[in-house]
Amino acid sequence: MGSTFAGLEIARSALFAQQTALYTTSNNIANANTEGYTRQRVNFEQISPYPAAGRNRPQVVGQQGTGVEAGSIERIRNSYLDAQYRSQTGTASFWNTKSEALSRMEGIMNEPSDSGLSAVMDDFWSALQDLSATPEESGARSVALQKGQAVADTFNYISSSLSNVRGDLQDQIDNVSVKSINSYLNQINELNKQIAKMEPHGMVTNDLYDKRDVLIDELSSMVNIKVEYQESGGMAPTAAQGIAKITLVDEEGAPQAVLVDPDTKTYQEMSVQYGQDENGMEGVQSITFGDTEIPVEEFTSKGELKGLIDSYGYLEDGAIKGTYPEMMQNLDKMAFNFAKALNAVQQTGYTKDGSLSGIDFFDAGDSVYGAAANISLSAEIEGNPDLIAASADGTSGNGDNAKKLAEAMRSPLEELGGTSISSFYEGMIGTLGVNAQEANRQAANSTSLVDQADLQRQSVSSVSLDEEMTNMIKFQHAYNAAARSMTAVDEMLDTIINNMGLVGR
């Protein structure tokens, strides 16, 4: 038969096991509101029964249980839900970044409104129409010149504002995204090193796993990544998660660069390279991780970084593409051809004193590039409304050329694809509205999917106070029962040791 003291050992093991479970439950409750915390569970295991199988084992009725032990404390986590969440959060971050950039652009363009470029150009058109009716009135000439100045100022303001936002986007790329990504990679690599030192000695580093998962979640919002785990070796327990390998993947899931390498215990630092088009406009040319350089056209990894690059601009086939560069290029094209069209009419008309004009109305430079930023009234006409060529033949009271100036703003231009200046601008604003609406819709949809994925993940991993209170009561009763069992065995032993042999005395 087994030892008389076996009952004490069984009760002792039960006390220790239930105590461990109570402590784990308390830890869950304490961290119920801790960001990134994953609830933990004690895995109870039976201690090997007595007697063990063998030729010389005692001939007893059967094997007798010898108690319980806390085999391991593991996190309750679903890797599939993690992967789904990280995939969705990258897409959501991409569209939210695009949506924010387009929203800022809409605010700058300020259309439709009473102070947008469209309204200012309409005011200028109306002033020219009024001038054509009363070409001899100084007031009408002054108003027309002032409205022309307002158009130039509005072009300048919009171009400057778009350029400033591009500068902000570049700062976000360099000082927020790149630095954040490198920080996440460094921290993940350092946690890998700590985990690799502890797991081989039989430790399950749940708290380190949680910290690493939070960083991986943040990294997945910046770029598309694939996460794999490699065993750390030694005496690592089954519940050990291992060392994380982080790989950058494209939108099809194909690997592009290893960001955190568990074999070498290193990470690849990221940097962004810029290039210029023939006009000197700057855009992203490539992204480098360590020694791996990825041309920007191959960097299809959805995430915040990709959204910033698409908004700021990138170099493709020698030309700058992207949300803001394309709007600025169209604005330059519009300003240059606006000035060119009105100058052509202005030069062939006659001024107030009946002389042939031969001067420009606007000065937008010799190149389309930068025209919106540089457009202004010509040096000759600025402050001299009498030099507006309102007359078509030089006779007093003739305002036909002023009418032609107004018509030039509404006439089709070959340089603008056969559309008028006004129609070209309406097309720009219409495209902006469609793109912004699409970005907002995609951002809302992808954010909803992220919320759903996170809700599913939290339903598995987060702490439920109701469940933990139920577990606490269960483990408390088990602890009390084990204590009562030990008391019963103690009373039995007391009877055997102190009371047996007194009978018959």
Side-chain angles (χ1 to χ4, degrees), residues 90-109 157-184 219 221-224 248 250-251 256 269-289 293-333 368-373 428-429 431-440 442-443 446:
T91 302
S93 294
F94 170 79
W95 284 112
N96 280 315
T97 302
K98 293 270 287 185
S99 176
E100 182 180 348
L102 287 166
S103 178
R104 294 182 70 179
M105 181 179 287
E106 285 187 311
I108 292 170
M109 303 309 292
Y157 168 77
I158 293 175
S159 179
S160 174
S161 298
L162 292 175
S163 181
N164 289 338
V165 174
R166 278 199 83 216
D168 293 342
L169 291 171
Q170 185 176 11
D171 286 341
Q172 281 186 268
I173 292 173
D174 294 335
N175 299 320
V176 178
S177 294
V178 173
K179 288 186 177 180
S180 294
I181 289 172
N182 286 332
S183 176
Y184 295 147
L219 181 62
S221 70
M222 310 297 289
V223 291
N224 273 3
L248 178 74
D250 61 19
E251 61 182 350
Q256 291 188 300
E269 190 162 307
M270 176 196 171
S271 61
V272 175
Q273 289 72 47
Y274 295 90
Q276 295 181 344
D277 66 2
E278 59 182 6
N279 296 313
M281 180 178 276
E282 195 174 70
V284 176
Q285 188 169 23
S286 62
I287 296 91
T288 300
F289 289 93
E293 184 173 0
I294 304 172
V296 69
E297 59 268 20
E298 296 178 13
F299 184 73
T300 58
S301 177
K302 288 290 179 66
E304 182 179 318
L305 179 62
K306 177 64 173 174
L308 288 171
I309 290 173
D310 283 2
S311 300
Y312 170 74
Y314 53 93
L315 198 62
E316 185 177 292
D317 298 328
I320 300 293
K321 304 290 182 66
T323 305
Y324 274 77
E326 289 173 8
M327 176 59 79
M328 294 176 70
Q329 289 163 359
N330 284 331
L331 196 67
D332 284 343
K333 187 177 181 180
V368 173
Y369 178 73
M428 289 168 55
I429 298 302
T431 300
L432 170 61
V434 170
N435 291 340
Q437 186 179 35
E438 173 67 8
N440 292 338
Q442 292 283 12
S446 56

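- A donor atom on one side chain and an acceptor atom on the other are not found under 3.5 Å apart for Asp168 and Tyr312.
- For the pair Lys302 and Phe94, the distance from NZ or CZ to the six-membered ring centre is under 6.0 Å and the angle to the ring normal is within 45 degrees.
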Q: Starting from the C-alpha separation in whole Å, work towards a yes-or-no answer on side chain to side chain contact (heavy atoms under 4.5 Å, CB included) for Tyr274 and Gln170.
A: CA-CA 10 Å; Tyr274 295 90; Gln170 185 176 11; 3.6 Å; yes

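- Interatomic distance, Glu293 CD to Thr288 OG1, rounded to the nearest 0.5 Å: 4.0 Å.
- Environment of CG in Asn175: crowded, with over 12 heavy atoms of neighbouring residues, nucleotides or ligands closer than 6.0 Å.
- Shown here for Gln329 and Ile320, the closest heavy-atom pair between the two residues is NE2-O, 3.3 Å.
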key: Trace of the side chain to side chain contact (heavy atoms under 4.5 Å, CB included) decision for Val176 with Asp171   = CA-CA 7 Å; Val176 178; Asp171 286 341; over 6 Å; no

Carefully, step by step, assess Glu282 and Leu315 under the rule side chain to side chain contact (heavy atoms under 4.5 Å, CB included). CA-CA 8 Å; Glu282 195 174 70; Leu315 198 62; over 6 Å; no

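- Looking at Asp277, its side chain does come within 3.5 Å of a backbone N or O of Asn279 through a donor-acceptor pair.
- The minimum heavy-atom distance between Leu331 and Leu162, with the atom names listed, is CD2-CD1, 4.4 Å.
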Would Gln273 and Ser286 count as a side chain to side chain donor-acceptor pair (under 3.5 Å) if you check the C-alpha gap in whole Å, the side-chain angles of each, and the deciding distance to 0.1 Å? CA-CA 5 Å; Gln273 289 72 47; Ser286 62; 3.1 Å; yes

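- The CE atom of Met327 sits 12.5 Å away from atom OG of Ser311, with the distance rounded to the nearest 0.5 Å.
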Under the criterion side chain to side chain contact (heavy atoms under 4.5 Å, CB included), I'd like the reasoning laid out for Val296 against Glu316: C-alpha separation, chi angles, the key distance, then a yes or no. CA-CA 8 Å; Val296 69; Glu316 185 177 292; 5.7 Å; no

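- Contact annotation: the side chain of Phe299 approaches that of Lys306 to within less than 4.5 Å [non-hydrogen atoms, C-beta and beyond].
- Taking each heavy atom of Leu308 and Ser177 in turn, the nearest pair found is CD1-OG, 3.1 Å.
- Taking CG of Asn96 as the reference point, atom OG of Ser446 lies at 6.0 Å (rounded to 0.5 Å).
- In this structure, the side chain of Glu106 does not engage the main chain of Ala101 through any donor-acceptor pair within 3.5 Å.
- A salt bridge between Asp310 and Lys321 is absent, with no side-chain N of the basic residue lying under 4.0 Å from a carboxylate O of the acidic one.
- Taking the side chain as every heavy atom from C-beta outward, Tyr184 and Met222 approach each other to under 4.5 Å.
- Of all the heavy atoms in Met281 and Pro325, the pair that sits closest is SD-CB, 3.9 Å.
- Of the possible donor and acceptor atoms, none in the side chain of Ser93 sits under 3.5 Å from a partner among the backbone N and O of Gly90.
- Nearest heavy atoms, Met109 versus Ile158: SD-CG2, 3.6 Å.
- Neither side chain, Thr300 nor Asp250, offers a donor N or O lying under 3.5 Å from an acceptor on the other.
- Proximity of a side-chain donor or acceptor of Asp332 to a complementary backbone N or O of Ala372 within less than 3.5 Å is detected.
- From Gln442, atom CD reaches atom CD of Gln437 across 11.5 Å, with rounding to the nearest 0.5 Å.
- Residues Leu102 and Leu432 form a side-chain contact, since some pair of their non-hydrogen atoms from C-beta on lies under 4.5 Å apart.
- Expressed to the nearest 0.5 Å, how far OG1 of Thr323 lies from CD1 of Ile309 amounts to 12.0 Å.
- Figure legend: cation-pi geometry between Arg166 and Tyr324 absent, as NZ or CZ is not positioned both under 6.0 Å from the six-membered ring centre and within 45° of its axis.
- Using a distance-only test at 3.5 Å, with no hydrogens or angles considered, no donor-acceptor pair links the side chain of Ser99 to the main chain of Trp95.
- Taking NZ of Lys98 as the start and OG of Ser103 as the end, the distance is 14.0 Å to the nearest 0.5 Å.
- Proximity of Val165 to Met105: side-chain heavy atoms (C-beta onward) are nowhere separated by under 4.5 Å.
- The closest donor-acceptor contact from the side chain of Ser161 to the backbone of Tyr157 lies under 3.5 Å.
- Nearest heavy-atom pair across Val223 and Ser301 is C-OG, 3.5 Å.
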